[in-house]
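Reading through the structure tokens given below for one structure.
Note that the structure is a prediction, hence the values are computed from the model and not measured.
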Amino acid sequence: MHQAVPKTDAPIDVLDRFAGATPELARLRALRPELIELEQRAYEVLFPVRTGPGPATGSGPATGPGPATGPGPATGLGLATGPGPATGLGPATGSGSATGPGPATGLGLATGSGPATGLGPATGSGSATGSGPATGLGLATSARTVPGTVTDTGVSVAERAAAALAVAVEHRRAPAVGHYRALLDTATGETATADRIIARAPLDGDTATAATAAKATAATTTATGAATSGRIAAAVAHARLLTHTPARGGLDALRAAGFTDPQIVTVSQTVAFVNHQMQLAAGLALLATGDSGTGTDPGAPSTTVAGGPRYTTDVLTWRPAIRPLAPGELGEEHRAALAGKARVDTPYFRTLGHDLGILAVRTAIDLAAFTAEGGLPRAERELAATAVSLYNGCVYCASVHARLTARLHGDPASVRRFLAYGSTAVLGRRWKLITRLATGLAPVPATAAEADVEALRELGLTELALVDLVHCAAFFGWANRLMLSLGSVEGEDQEHEGRQATE
């Protein structure tokens, strides 16, 4: 089931908040206005929380003085869609849809036109241990939801928020820690879960590995749609694993905790997207202020990548770990979201089709980042994608984007050398500096430094080109994690990823 999300005005979006909300940041982001809209849309699809134009106040349920919007049924993600007012964040009172004229009493997140008055504490939600205080961060107070699709695969807001909070903690981004903990506190009605995630303390015995988290008790979602501790623990463990060691990302823990295939896609999309958010915030903050905000030593050596014989420009096969949608299962909305026959024919994209809402926005971000006119030449955008894929160990992604780089640049030998030997083999100062900045945005937390940016400016890269470089590198913090967690590479003769290699 899906539901169109209406558009209103928004003075603030979450990425502005995570990256610092400075005038210089706003100026740089405005160079690619389409990506401002798309990044916010992606957030709102995965975390469909309506906050009012005023600040978030209190820790109780969101009562929303405005009417719930739309005549359709409640989607299970907390959007009250009946004509009556949305009355809280508590559990649903029944398993049916809220379609009648009365108030929508379950699933809780207000979608009314008035301000939400209880979307998590703005203050007093505890400190972000090791990441700076969360005081005053609360939830971003955007009044806008932009056009898009919200899909309900049955992953609760609490499960999404817990996974997102775990990612934010690992990236040491205090504003994001405060934001996602407020969302989690509101969704669960308590603060202990967020406290333990921030402190990296065990949930349900031990979340140090996904395998132990999978053994947690109560590993299903209740009839009211509330997340149980076992599912939250598994989602958090998956988030940590996929954040730090994406090449080792597996699905056993999520399956053991009761997540279905569509839900696994949603959880992986959530974790991968928030990693992308954190790396994008770090890169944009670095361009705007000279400080990525990650607390890393700016004088430390630049991050490098090592190539190796497993990396190739040969065409590879990606094998899905869960069943992709069959071509006959794809509706017109899926085909529109995939934006082309090449994606429709590819198992990877049909696997992502289990969650149509985020797939549609992700495709739009991909195309906007890599094919927008002007700025960084297309070959160098693909070079950045290749560098991040090498860092994350995504053999398939490296193969696809190395081929695109070679085709656009016209020198396959130099690209093959990069794949074989890594950073030390990059030819030419411009390419060395581009791969250095892209690679520096890939670690958790990011290690890119002001010197990396200044060297590129001295070489003549424009502000627009630098913004493009940051967007493309950060996008592969998302793409690699999906590719690595939802399948594996074997054999040959894989279809082209689907984005046309045009100048």
Side-chain angles (χ1 to χ4, degrees), residues 246-248 301-319 342 346-348 366 369-371 375-443 448 452 455-456 459 461 465 468-484 487-503:
R248 294 175 51 202
S302 298
T303 300
T304 59
V305 293
R310 67 192 184 117
Y311 296 107
T312 176
T313 55
D314 292 346
V315 178
L316 303 175
T317 297
W318 183 82
R319 302 290 185 190
T346 304
Y348 170 62
D366 181 1
F370 280 86
T371 66
L376 193 69
R378 177 63 186 279
E380 292 172 348
R381 301 185 204 197
E382 298 296 345
L383 176 66
T386 305
V388 174
S389 299
L390 283 175
Y391 181 87
N392 287 325
C394 187
V395 175
Y396 179 85
C397 294
S399 168
V400 169
H401 297 283
R403 287 199 306 278
L404 287 171
T405 305
R407 184 187 310 169
L408 293 161
H409 182 60
D411 184 6
S414 65
V415 176
R416 287 195 293 268
R417 183 180 175 86
F418 179 34
L419 293 179
Y421 302 107
S423 298
T424 59
V426 178
L427 300 178
R429 179 166 172 75
R430 182 178 171 110
W431 273 31
K432 282 183 182 294
L433 293 175
I434 286 171
T435 57
R436 188 169 79 182
L437 179 57
T439 304
L441 293 175
D452 300 326
L456 285 165
L459 204 61
L461 262 72
D468 287 340
L469 176 53
V470 166
H471 273 285
C472 291
F475 183 80
F476 271 77
W478 186 353
N480 293 160
R481 285 175 172 84
L482 288 179
M483 186 71 68
L484 289 165
S488 59
V489 174
E490 325 176 353
E492 298 177 350
D493 298 332
Q494 172 62 28
E495 301 94 328
H496 186 275
E497 180 167 309
R499 198 171 57 236
Q500 294 301 310
T502 55
E503 293 287 358

* Below 4.5 Å, heavy atoms only, C-beta onward: do Glu380 and Asp468 meet side chain to side chain? -> no
* How close do Ser423 and Phe418 get, heavy atom to heavy atom, and via which atoms? -> N-CE1, 4.1 Å
* Heavy-atom side-chain proximity of Arg481 to Asn392 below 4.5 angstrom -> yes
* Atom OG1 in Thr313, atom CG in Leu404: separation rounded to 0.5 Å? -> 11.5 Å
* To do: Side-chain contact test, heavy atoms from C-beta onward, threshold under 4.5 Å: evaluate it for Val388 versus Leu441 and give yes or no.
  => no
* Parallel under 30°, tilted from 30 to 60°, perpendicular over 60°: which one fits the rings of His409 and Trp431? -> tilted
* To do: May I ask you to decide whether Arg407 forms a salt bridge with Glu382, counting only side-chain N to carboxylate O separations under 4.0 Å?
  => no
* To do: Decide side chain to side chain contact (heavy atoms under 4.5 Å, CB included) for Ser302 and Thr439; before the verdict, give the C-alpha distance in whole Å, the side-chain angles of both, and the deciding distance to 0.1 Å.
  => CA-CA 8 Å; Ser302 298; Thr439 304; over 6 Å; no
* To do: Mind listing the closest non-hydrogen atom pair of Ala398 and Tyr311 along with its distance?
  => CB-CD2, 3.9 Å
* Structure fact -> The residue among Leu484, Val489, Asn480 that forms side-chain contact (heavy atoms from CB on, under 4.5 Å) with Tyr396 is Val489
* Using a 4.5 Å cut-off on heavy atoms from C-beta on, say whether the side chain of Leu461 contacts that of Arg430. => yes
* Asked: Considering all heavy atoms of both residues, which atom of Ala385 and which atom of Ser389 are nearest to each other, and what is their separation?
  -> O-OG, 2.8 Å
* Do you know which two heavy atoms are closest between Val426 and Lys432, and how far apart they sit? -> O-NZ, 2.8 Å
* Asked: Between Arg436 and Ala455, what is the shortest heavy-atom contact and its length?
  -> NH2-CB, 3.7 Å
* Kindly indicate whether the side chain of Thr312, heavy atoms from C-beta on, has any atom under 4.5 Å from the side chain of Leu419. => no
* Asked: Are Leu437 and Leu456 side-chain neighbours, meaning at least one heavy-atom pair lies under 4.5 Å?
  -> yes
* List the steps and the verdict of side chain to side chain contact (heavy atoms under 4.5 Å, CB included) for Leu433 and Leu459. => CA-CA 9 Å; Leu433 293 175; Leu459 204 61; 3.9 Å; yes
* Asked: Closest heavy-atom contact between Ala479 and Tyr348?
  -> O-OH, 3.8 Å
* Asked: Between the side chain of Thr405 and the main-chain N/O of Leu383, is any donor-acceptor distance below 3.5 Å?
  -> yes
* Asked: Are the side chain of Arg403 and the backbone N or O of Asp314 linked by a donor-acceptor pair below 3.5 Å?
  -> yes
